[in-house]
Amino acid sequence: MKIRYLLLLVWLMALQATAQPLQRVAPEQVGMDSRQLVYADEAIEAAIADKTIPGAVLAIVRDGKMAYLKAYGNKRVYPNIEPMTVNTIFDMASCSKSMSTAICAHILAQRGKIRFLDPVSFYIPGFKDWTSPDGKEKKTIRIADLLTHTSGLPPYAPVKDLEQKYGSPNPDSLMTYIATCKRDFKPQTDFQYSCLNFITLQHIIEKVSGESLRDFARENLFNVLGMNHTDYLPCKRDKNGKWVNTADAYWAAFTPGDWHSLIAPTEKQPDGSVLCGQVHDPLARIMNGGISGNAGVFSCVEDIAVLCAALQNEGEWNGHRILSPLAVKAMRTVPRATATLGRTLGWDSFSAYASNKGDYFGPNTYGHTGYTGTSIVIDPDTNTSVILLINAVHPEDKHSTVRLRSLVANAIAASIYSVPQTYTEHYYQRFTQFMDEPAITSKDIVIVGNSLTENGGDWGKRLNKSNVRNRGIIGDEVMGIYDRLHLILPGHPAKLFLMEGINDVSHDLTADSIVSMIRLTVERIQKESPDTKLYLQSLLPINESFGRYKKLEGKTDMIPVINAKLETLAKERHITFINLFPLFTEKGTNVLRSELSIDGLHLNEEGYKIWVKALKKRV
């Protein structure tokens with residue numbers, strides 16, 4: 001038994017190792033303007049401030065790379081507060097229809113097990129087709145009609161009545177109800193969004209495959225792509241009427257502690273408990289025990305990003321294929337038979353429910369939303385996906401995210417344009433690192449600059465202040481710093497120490513040009529974060545005798561000229577000027593003391609001690 005358990009554990013670890021999250025890049029590396037994306041942040045943060053939502057996670061996938069990944073607010077606000085993180089797992093609600101049930105149906109179709117023109121009654125005996133009121137006309141309900149929500153089935157089922165009559169969970173009795181209930185219209189003549197369509201699809205998938213939807217999706221979709229934090233979570237009421245899970249989540253085997261701790265809770269129940277790991281949708285939870293074709297998938301943004309990348313890449317990711325290219329194309333295309341109704345074979349293109357794609361993404365864009373607040377948008381023309389995950393029904397179900405989804409989609413679509421990659425790979429890696437760090441707050445002290453600042457390492461430790469943030473990047477220029485202030489200023493830091501310009505000196509710019517750009521930077525900081533105490537630091541001297549930096553040859557005496565102009569600028573803008581220059585020069589010269597430098601430009605530890613001593617009196 002122990003050997004068996006060990007083998008299972010080894011298998012799980014090996015499987016987990018195959019899961020590769022998307023490469024993280026700066027938005028500019030895939031043709032997006034990170035400054036424009038600030039508007040998406042603002043829309044989400046405004047909704048949190050208004051208490052419309054507790055928190056959110058946003059991801060943008062472009063060209064198979066993770067261009068944006070950010071968590072906002074809290075994942076739990078009742079009965080205690082827990083911050084949102086990018087690895088939070090969400091109840092995907094109706095997004096389950098597209099990201100699991102529909103894809104599973106297409107997997108069976110491409111394997112020759114089903115066809116979408118097949119009558120539903122072929123798989124579910126007793127399933128009634130549409131008949132006109134006078135009985136003279138009949139129309140077959142087909143699998144395609146389920147996928148496009150054109151079957152005529154009612155939107156939902158009377159959960160309370162069904163539970164009282166049949167008990168719960170009772171998937172078979174629910175299917176019997178669906179098979180025989182009244183049809184609202186003739187198939188393919190109208191669109192009516194219906195959870196019953198996808199519960200019916202679930203039964204077809206399970207009958208043809210011989211497996212539960214949970215197992216089939218795991219083996220043929222989630223495992224294939226390494227979506228290790230995606231699963232259906234079976235549940236039922238315990239003897240006290242409280243909702244509990246009847247099986248562990250897939251990720252329980254490699255999650256320390258309680259596997260529920262990763263999940264964003266949803267709605268508070270009458271007894272004061274909160275659903276957490278038990279699907280919010282009543283039909284899925286009560287009648288189908290958590291495994292349901294219409295809802296029930298729990299997932300995190302990085303798993304969904306991998307799925308989106310696979311769909312953007314014609315059904316394959318990282319050498320693992322879930323669908324053929326033509327299957328993906330068919331799945332995102334509105335069939336000719338229902339061309340005016342807007343639903344594809346499993347997704348939404350332009351029905352009334354498709355507002356989550358906003359106003360700017362193109363006509364081929366498809367996606368889906370979930371009642372809990374989740375949303376997936378995929379634009380094949382720009383190779384861009386937007387994943388917005390919100391548990392808006394926590395702790396109470398009284399807010400809508402419809403407008404917010406559109407606002408976020410518009411800000412993201414507007415950020416797409418051809419951006420030249422003008423900086424080094426290290427610059428973008430550092431930029432991405434800043435995006436992944438906790439947002440700057442009004443309590444923080446920020447040190448901004450180039451390699452001299454970055455190489456200082458942990459400035460908080462140096463200055464004996466835990467709230468100090470190092471925002472230096474090797475090789476950065478004045479306008480590079482200006483362009484990334486949007487990652488700093490929205491937090492309105494308490495203090496900001498700015499040193500910039502030495503790399504611009506090496507580019508043969510004049511002193512006046514460099515100071516003019518620094519002036520723009522200072523003015524922007526004062527305008528966008530007026531309460532921030534700004535300190536303008538002088539440039540440090542250089543030592544040409546090291547012979548390391550050819551582009552700085554002959555520039556030794558230019559640096560004090562720039563510093564004099566910076567001091568004048570500081571007086572004009574009523575900010576503090578910190579003149580570090582004389583602390584580092586050889587007596588009677590403008591030359592950097594050789595014992596303080598490693599190469600004539602960058603400082604050694606003794607040099608940093610001098611710098612830190614000068615700043616300590618200011619922090």
Just one of I514, L509, L539 clears the side chain to side chain contact (heavy atoms under 4.5 Å, CB included) bar with M558, so which one?
->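 Per the side chain to side chain contact (heavy atoms under 4.5 Å, CB included) rule, the option paired with M558 is I514, out of I514, L509, L539.
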Option among T441, V446, D444, I440 that satisfies the side chain to side chain contact (heavy atoms under 4.5 Å, CB included) test with N467 =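 It is D444; the other options fail the test.
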[Y] versus [X], side-chain donor and acceptor atoms under 3.5 Å:
X	Y	result
N543	S545	yes
D50	T52	no
Q537	E500	no
T384	R62	yes
Y360	D379	no
D41	Y72	yes
N590	D557	yes
E454	H426	yes
S513	S516	no
D599	Y549	yes
S375	N356	yes
H486	S34	yes
N383	Q312	yes

Minimum side-chain heavy-atom gap [X]-[Y] below 4.5 Å:
X	Y	answer
K70	V57	no
M66	Q23	no
R471	T453	no
I502	L540	no

Below 4.0 angstrom, N of the basic side chain to O of the carboxylate: do [X] and [Y] qualify?
X	Y	value
E606	R593	no
E605	R462	yes
D476	R484	yes
K551	D508	no
R35	D33	yes
R321	E314	no

Stepwise salt bridge (charged side-chain N to carboxylate O under 4.0 Å, His left out) check, R469 with E437 = CA-CA 10 Å; R469 311 285 290 275; E437 290 177 359; 3.7 Å; yes
So is K533 actually on top of Y535's ring, under 6.0 Å and inside 45° of the axis?
->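 Yes, a cation-pi geometry holds between K533 and Y535.
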Is R524 positioned over the aromatic face of Y482, cation under 6.0 angstrom from the ring centre and no more than 45 degrees off axis?
->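 Flagged: R524 positioned over aromatic ring of Y482.
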Is the W611 ring parallel, tilted or perpendicular to the W459 ring (thresholds 30°, 60°)?
->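 If you compare the ring of W611 with that of W459, the planes turn out perpendicular.
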Under the side-chain contact (heavy atoms from CB on, under 4.5 Å) criterion, do T374 and H368 qualify, and how do the steps go?
-> CA-CA 8 Å; T374 55; H368 214 282; over 6 Å; no
Between S594 and F546, which heavy-atom pair has the shortest distance, and what is it?
->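 Heavy atoms only, the tightest pair is O-CZ, 3.9 Å.
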State, to 0.1 Å, how close A47 and L404 come at their nearest heavy-atom pair, and which atoms those are.
->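 Heavy-atom minimum between the residues: CB-CD2, 3.8 Å.
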Answer with yes or no after comparing the ring centroid distance for F254 and H229 against a 6.0 Å cut-off, counting only values under it.
->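 F254 vs H229: aromatic centres under 6.0 Å.
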Nearest 0.5 Å, what's the CH2-CD1 distance between W347 and I378?
->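 Result: 4.5 Å between the selected atoms.
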